[in-house]
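For reference, the structure discussed in these notes is given below.
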Protein chains: 2
Amino acid sequence: MTRDGAPRRRGRPAGLQGGELLAVARRAFLDLGLAGTTMNEVARRAGISKASLYREYASKDSLFAAIVLDWTARGRDAMRPALDALLTADDIVDGLTTLTHTIQAGVLDEDVLRMRRLVAAESDRFPDVAAEYLAGSWDSNIAALAETLAELDRRETLVVDDPQAAAEQLTWLAVGGPLNRQTLGAGRVASEHLTRTGIDAVTTFLHRYGAVAA
Amino acid sequence: MTRDGAPRRRGRPAGLQGGELLAVARRAFLDLGLAGTTMNEVARRAGISKASLYREYASKDSLFAAIVLDWTARGRDAMRPALDALLTADDIVDGLTTLTHTIQAGVLDEDVLRMRRLVAAESDRFPDVAAEYLAGSWDSNIAALAETLAELDRRETLVVDDPQAAAEQLTWLAVGGPLNRQTLGAGRVASEHLTRTGIDAVTTFLHRYGAVAA
DNA sequence: CCTACCGATCGGTAGG
DNA sequence: CCTACCGATCGGTAGG
């Protein structure tokens, strides 16, 4: 072992590779933005040379694309446990309220918002990346919610004629306002207001789709 | 007159100033983004020298801030005519449906979306500009809608216990999904789907806030 | 008011 | 000899 915990000089290089390199680069992009992140900085954080970084990713653009696509793949089925919980909830009001809080937490997470802003800002230059992000982060999760609402319709817990539309309505009732505020740089919405927004979303949702009066 | 319609060489400079300069610069930022817009390009489009441009705006950042604040001021009372129309509408369903379409058109306009993306992407570096944008473009318009809903409650056309919450709900039911898609670079949402979303928004809204069954 | 130019910094690549 | 890696520096361009 060299001094100061510096890497050994034998065998495999001590710098980060593969998934670890991607994680470090993601952190840099989230912290510093696309323009603010230099390949030098990514290489520095990963403990490798710029030449090594360029051997893994041919350009800064391809690194950015890889980061977003990796992120999207990880978040694709994020709502699944919460949807299973909704199907086994004793009370539909409680179940939906818990679900809205889960959706809020997922959408309004600080890193989720930063990644979303990056993708949106660069959607002109990276249309395919943005499309994949939209499909993986939003479309697939809302479709899964729609399927769950359809099942609750079959059980006659809810009356949902158009599950896709209902899923979008619940989603936007729960997160539209807070997402807009945080997207535009306002600080985190107070958790009491978030809770209140979630309850209000469920109330309105059940006025339309509830099998019994809410 | 010089050849090719080039500016005269006498009297006031032929280049743009003040509001016209701001409009030209705004167009550049909307077309090319913040990083993509150079001060050389702005000067070129305005027909002035870079030195003249820097005499009006001390930095690229201050030019950006001026553009966003000017834009925000122009859009502050954008919804007023539509809200007045709602108050004089014969039928509340028709009135609200028309309003949702107006909100959609205002929010989903291509330039509005580009400006929004610029502000969101730069909200870390320009927190005050982003806050002013949020206040002028969203808060003031939603507050005006809330006031209108409160008036409709007094008339017993609607039953609105919390006008602010109701205004947010109607807004996000109408534009949440389409705004999300377009923000993330998907093409314009089909107008039939937009219409359908607006009608669906009003239906859900009236299930909760309608004085009579919708 | 403009041309010319600067100090700084970037993404990307060379030699060893 | 090869693979993996690094110090140094390139061409080109940004704001000012």
Side-chain angles (χ1 to χ4, degrees), chain A residues 1-22 24-26 28-29 31-68 118 121-122 124-126 129, chain B residues 2 4 6-18 20-22 24-26 28-29 31-68 118 121-122 124-126 129:
Chain A
M1 181 78 80
T2 58
R3 291 180 300 168
D4 304 316
R8 297 169 184 279
R9 289 293 165 200
R10 289 208 236 169
R12 267 303 179 89
L16 302 179
Q17 294 179 305
E20 288 182 317
L21 172 56
L22 216 52
V24 166
R26 177 173 63 234
F29 278 94
D31 289 343
L32 307 170
L34 183 57
T37 302
T38 68
M39 293 297 266
N40 276 322
E41 174 67 11
V42 172
R44 193 191 64 75
R45 292 191 183 201
I48 62 177
S49 71
K50 231 180 2 170
S52 300
L53 176 57
Y54 273 97
R55 196 166 46 71
E56 303 251 358
Y57 299 96
S59 67
K60 187 181 182 180
D61 284 1
S62 71
L63 174 58
F64 175 71
I67 287 169
V68 176
L118 277 177
E122 302 299 327
D124 284 337
R125 286 183 57 228
F126 300 87
V129 169
Chain B
T2 59
D4 305 317
R8 298 169 183 279
R9 289 294 166 198
R10 288 210 238 168
R12 269 300 180 90
L16 303 178
Q17 294 179 303
E20 289 183 317
L21 172 55
L22 218 51
V24 165
R26 176 173 64 231
F29 278 94
D31 290 343
L32 307 170
L34 183 58
T37 301
T38 67
M39 292 297 265
N40 275 321
E41 173 67 10
V42 173
R44 194 192 62 77
R45 291 191 183 201
I48 61 176
S49 70
K50 233 180 357 171
S52 301
L53 177 56
Y54 273 96
R55 196 168 45 74
E56 303 252 356
Y57 300 96
S59 66
K60 187 181 182 181
D61 283 1
S62 71
L63 175 57
F64 175 70
I67 288 169
V68 176
L118 278 177
E122 302 299 326
D124 283 338
R125 287 182 56 227
F126 300 88
V129 169

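We name chains A, B, ... by the order of the sequence lines, and we start the count at 1 in each one.
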Given D:dG15, D:dC6, C:dC2, the nucleotide with the shortest approach to the side chain of A:Ser52 = D:dC6
Tell me, do B:Asp31 and B:Arg45 make a side-chain contact under 4.5 Å, heavy atoms counted?
-> yes
Determine the interatomic distance between P on D:dA8 and the same-named atom on C:dG12; round to the nearest Å.
-> 22 Å
With rounding to the nearest 0.5 Å, note down the distance linking CG in B:Leu63 to CG in B:Leu21.
-> 7.0 Å
OP1 or OP2 of D:dC6 less than 4.0 angstrom from a side-chain nitrogen or oxygen of A:Ser49, does that happen here?
-> yes
Whole-Å distance, A:Asn40 CG to C:dT9 P, equals 12 Å
Approximate separation, where rounding is to 0.5 Å, of A:Phe126 CZ and A:Leu118 CG | 10.5 Å
Figure out the CD/C1' separation between A:Glu41 and C:dC10, and round it to whole Å.
-> 14 Å
Could you give the distance from CD (B:Glu56) to CG (B:Leu22), rounded to the nearest 0.5 Å?
-> 9.5 Å
From the list D:dC6, D:dG16, C:dT13, which nucleotide is the closest neighbour of the side chain of A:Tyr54?
-> C:dT13
Rounded distance in Å - CE (A:Met39) to P (D:dT9) | 21 Å
Can you check the B:Ile48 CD1 to C:dT3 P distance for me, whole Å?
-> 13 Å
Flag the pair B:Ile48 / B:Arg55 as yes when at least one side-chain heavy-atom distance between them is below 4.5 Å, and no otherwise.
-> no
Could you state the OH-C1' distance from A:Tyr57 to C:dT13, rounded to the nearest angstrom?
-> 20 Å
Using the closest heavy atom to pick a nucleotide of DNA chain C for each, name whichever of A:Ser59 or B:Lys50 lands nearer the 5' end.
-> B:Lys50
Provide, to the nearest angstrom, the distance between the CG atom belonging to A:Leu63 and the P atom belonging to C:dG12.
-> 10 Å
If you check the A:Lys60 side chain, which of C:dC10, C:dT13, C:dC1 turns out closest?
-> C:dC10
What's the CG-C1' distance between B:Leu32 and D:dG15, to the nearest Å?
-> 16 Å
Out of D:dC6, D:dA14, C:dC2, which nucleotide sits closest to the side chain of B:Ala51?
-> C:dC2
C:dC2 P sits how many Å from B:Arg44 CZ, rounded?
-> 14 Å
